[in-house]
Amino acid sequence: MVKMYVTVAAVLSLGMLAQFFAPVSAEFTENYVMKNRRLLRDLLINHDPSIVPLAAAGEPLNMTLTLFLVDILEVDIDRNQVEFLFYVYKEFIDHTLVWDPSPERYGLDSVRMRREDIWNPDVHFSDDIGSVSHQPEQSEIVDVKHDGTIKLLDKRRVRTLCQVYALSDRHAAICEVKLAPSSHDRSLLWLNEPTETTANAMLYSSASKYQLIEIRARKDTLHFAQSSYEEMVFTITFGRITPPEENN
Ligand SMILES: *[C@@H]1O[C@H](CO)[C@@H](O)[C@H](O)[C@H]1NC(C)=O
């Protein structure tokens with residue numbers, strides 16, 4: 001678990017861990033608190049987290065969605081259900097949360113804000129039929145950079161319908177998992193084109209019972225009469241790791 005969080009922190013290059021270990025003087029602490037108070041006060045004046053922070057009129061906001069597969073928790077062959085554990089990582093620029101980081105002005109490169117104070121687009125797994133367990137936790141604090149870059153990480157447990165006939169190290173299952181912004185159509189929100197890290201196996205559990213063969217991402221656009229939406233489609237191919245006694 002510790003390793004996973006360190007890896008996530010490194011991946012997101014938050015660089016926050018270092019701050020906790022550095023010795024601090026009372027003066028530094030006082031200064032730090034004052035600087036943060038001033039910045040937060042100025043950022044939050046007239047800030048409404050329900051309004052999409054568009055850069056310019058007529059230009060939708062671009063968001064990068066990355067899916068980290070952490071584990072395949074359960075495969076129910078009778079019901080054709082597969083349960084996954086993911087980290088969903090969102091990154092975008094909020095043009096209303098930008099400031100001058102120079103020492104003469106605010107003197108801070110980044111600030112931590114409460115999730116409820118920032119615009120945070122909902123994303124949902126369209127085929128999720130509901131996990132048998134409770135939803136895992138998420139951090140209530142968000143790191144915001146002076147250029148408005150916001151990085152959000154959520155842990156999600158997702159159960160989907162997926163046809164699994166038989167599973168062994170020779171028979172693989174292929175499941176599609178769709179992830180889409182829930183409440184913003186293409187006039188407001190676009191998803192960036194997938195790159196090679198969009199479907200990410202970097203955090204896949206080495207203790208998993210299932211062998212991950214491949215995870216891929218593509219972007220689709222859904223057209224409806226009045227609007228269209230973007231969604232990411234992840235294709236996950238996996239098999240069962242055969243216990244040694246069955247290997248003969
Ligand atoms: C969003 O991305 C598109 C390309 O996919 C680009 O043309 C557009 O300028 C970007 N918009 C913003 C606000 O960065």
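Keep in mind the model is a prediction, meaning the values are calculated, not measured. First listed ligand is number 1; within each ligand, the first listed atom is number 1.
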Legend entry - Exam field: side chain His124 to backbone Leu179, donor-acceptor pair closer than 3.5 Å: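 Checked: no pair found.
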
Inset, instruction - Could you please spell out the steps behind the side-chain contact (heavy atoms from CB on, under 4.5 Å) verdict for Arg159 and Asp76? - result: CA-CA 10 Å; Arg159 197 171 179 91; Asp76 186 331; 4.1 Å; yes

Legend entry - Asn62, any N or O under 3.5 Å of ligand 1 N or O: yes

Inset, instruction - Counting heavy atoms only, name the option from Met63, Glu59, His95, Glu193 that's nearest to atom 13 (C) of ligand 1. - result: Glu59

Inset, instruction - Could you list the atoms of ligand 1 found under 4.0 angstrom from a heavy atom of Pro60? - result: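 That gives atoms 13 (C) of ligand 1.
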
Inset, instruction - Evaluate side-chain hydrogen bond (donor to acceptor under 3.5 Å, both in side chains) for Thr160 paired with Asp127, printing each intermediate quantity in order. - result: CA-CA 6 Å; Thr160 59; Asp127 311 310; over 6 Å; no

Legend entry - Sub-4.0 Å protein heavy atom near atom 2 (O) of ligand 1: yes

Inset, instruction - Determine whether more than 12 heavy atoms belonging to other residues, nucleotides or ligands lie under 6.0 Å from atom CZ of Arg216. - result: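 No, because the 6.0 Å sphere around CZ of Arg216 holds 12 heavy atoms or fewer from other groups.
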
Legend entry - Nearest protein heavy atom with distance in Å, relative to atom 7 (O) of ligand 1: Trp190 CZ3, 4.9 Å

Legend entry - Taking every non-hydrogen atom, the tightest pair across Glu59 and Leu54: O-CD2, 3.5 Å

